[in-house]
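So the structure is just underneath, and the comments pick up after that.
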Amino acid sequence: QEAQTDAETAQEAAQAAQERAEQAKVNAETAAADAKAAQEKAEAAQKAAEAAKADAEAAKAAANADREAAQAAQAKAQIAQEAAEAARAEAVTAKETAETAKAAAETAKTAAETAKAGAETAQGKAEAAEKAAAMVKSGMVLGVGTGSTVAFFIDALGKRKDEDGLKLKAIVTTSNRSKKQLEGLGFKVSELADIDQADLTVDGADRVANNLDGIKGGGGALTLEKNV
């Protein structure tokens with residue numbers, strides 16, 4: 001009876017041990033599954049970390065690229081600004097050049113008009129001098145004035161001397177300038193004290209009225225002009 005009891009007890013113990021073994025097996029399998037799941041999670045986490053690292057590097061590279069692009073854009077903007085300033089400076093220079101050219105053109109126009117007027121005046125003086133020279137006759141005592149119109153008159157006298165054989169009894173002048181010009185053309189100029197009266201005196205007037213009243217003697221040869 002005791003042996004049977006011991007056998008039953010041993011059997012119960014064996015059964016309990018078997019149950020514990022089965023439970024331990026289940027626990028081991030569960031632990032293995034958990035370990036495997038944990039490993040998979042760890043691998044997934046590793047991959048996620050690597051992906052995050054790659055994203056971070058990509059973001060960093062993109063940031064660098066953006067920074068370089070921003071620097072390049074800034075450099076282009078600087079170049080564009082400098083080009084705009086240069087273009088503005090060129091525009092100012094072109095405007096100044098155009099204004100200078102315009103002023104030069106106006107000056108040239110004025111000079112041309114002045115030259116034209118001077119030429120017309122010179123032509124008029126030359127024509128008047130030619131007509132006055134035609135009034136001079138050989139054997140005269142001639143008084144010669146001074147000035148730009150008289151210079152034409154003296155040249156006309158020299159022409160008549162060479163072409164017509166004009167010979168004068170005496171010539172007196174109102175200035176050294178006229179004297180030198182006459183002597184240069186071969187005329188002998190007398191002193192004012194050597195003559196009593198001039199048959200004809202030719203000089204340019206400073207002012208002439210409509211009734212032909214003239215004014216002469218506003219310059220440096222005033223005294224000689226009055227005497228001649």
Side-chain angles (χ1 to χ4, degrees), residues 13-129 146-152 155 175-177 180-181 184 204-208 218-221:
Q15 186 175 355
Q18 184 176 359
E19 290 176 356
R20 284 197 297 274
E22 291 177 355
Q23 185 62 44
K25 181 179 179 182
V26 172
N27 291 338
E29 292 176 352
T30 301
D34 292 341
K36 184 177 181 181
Q39 184 177 357
E40 291 175 353
K41 288 181 180 180
E43 292 176 353
Q46 178 68 26
K47 291 179 180 180
E50 292 175 354
K53 181 179 179 181
D55 290 341
E57 292 177 351
K60 182 179 180 181
N64 291 334
D66 290 342
R67 184 167 56 254
E68 291 175 355
Q71 291 174 351
Q74 185 176 1
K76 289 181 179 180
Q78 181 67 26
I79 293 172
Q81 183 177 358
E82 292 174 355
E85 292 175 355
R88 185 163 55 250
E90 289 178 359
V92 172
T93 301
K95 181 179 179 181
E96 292 175 352
T97 302
E99 292 175 352
T100 301
K102 182 180 179 181
E106 292 175 354
T107 302
K109 180 180 178 181
T110 302
E113 292 173 351
T114 302
K116 181 180 179 181
E120 292 174 351
T121 300
Q123 183 178 359
K125 290 181 177 182
E127 291 175 354
T146 187
S148 58
T149 305
V150 171
F152 286 110
D155 287 339
S175 70
N176 287 328
R177 186 174 70 180
K180 289 180 180 179
Q181 186 178 356
D206 294 324
R207 297 287 182 90
V208 177

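Owing to the predicted nature of the structure, the values given are computational and were not obtained by experimental measurement.
In this structure, the separation between CD1 on I79 and CD on Q81 is 11.5 Å, given to the nearest 0.5 Å. Here the CD-NZ distance, from E40 to K47, works out to 9.5 Å after rounding to the nearest 0.5 Å.
Among all heavy-atom pairs drawn from S175 and T146, the shortest one is OG-OG1, 2.9 Å.
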List, one per line, each side-chain donor-acceptor pair under 3.5 Å for residues 107-127, sequence neighbours excluded.
residue : atom : partner : partner atom : Å
T107    : OG1  : A103    : O            : 2.8
T110    : OG1  : E106    : O            : 2.9
T114    : OG1  : T110    : O            : 2.8
T121    : OG1  : A117    : O            : 2.8
Q123    : NE2  : E127    : OE2          : 3.4
K125    : NZ   : S148    : OG           : 2.5

Sequence neighbours left out, cut at 3.5 Å: what donor-acceptor pairs do the side chains of residues 94-101 make with other protein atoms?
residue : atom : partner : partner atom : Å
T97     : OG1  : T93     : O            : 2.7
T100    : OG1  : E96     : O            : 2.8

Side-chain atoms of residues 61-68: list all donor-acceptor pairs with protein atoms under 3.5 Å, sequence neighbours left out, distances to 0.1 Å.
residue : atom : partner : partner atom : Å
N64     : OD1  : R67     : NH2          : 2.3
N64     : ND2  : K60     : O            : 3.3

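Residue pairs satisfying the side chain to side chain donor-acceptor pair (under 3.5 Å) criterion with at least one member in residues 29-38, sequence neighbours excluded, are absent.
Considering only residues two or more places apart in sequence or on other chains, E50 meets the side chain to side chain donor-acceptor pair (under 3.5 Å) condition with Q46. In this view, Q23 and N27 satisfy the side chain to side chain donor-acceptor pair (under 3.5 Å) rule, not counting sequence neighbours. Partners of A151 according to the side chain to side chain contact (heavy atoms under 4.5 Å, CB included) rule, which considers only residues two or more places apart in sequence or in another chain, are Q181. Residues meeting the side chain to side chain donor-acceptor pair (under 3.5 Å) test with E82, sequence neighbours left out: Q78. Partners of N176 according to the side chain to side chain donor-acceptor pair (under 3.5 Å) rule, which considers only residues two or more places apart in sequence or in another chain, do not exist here.
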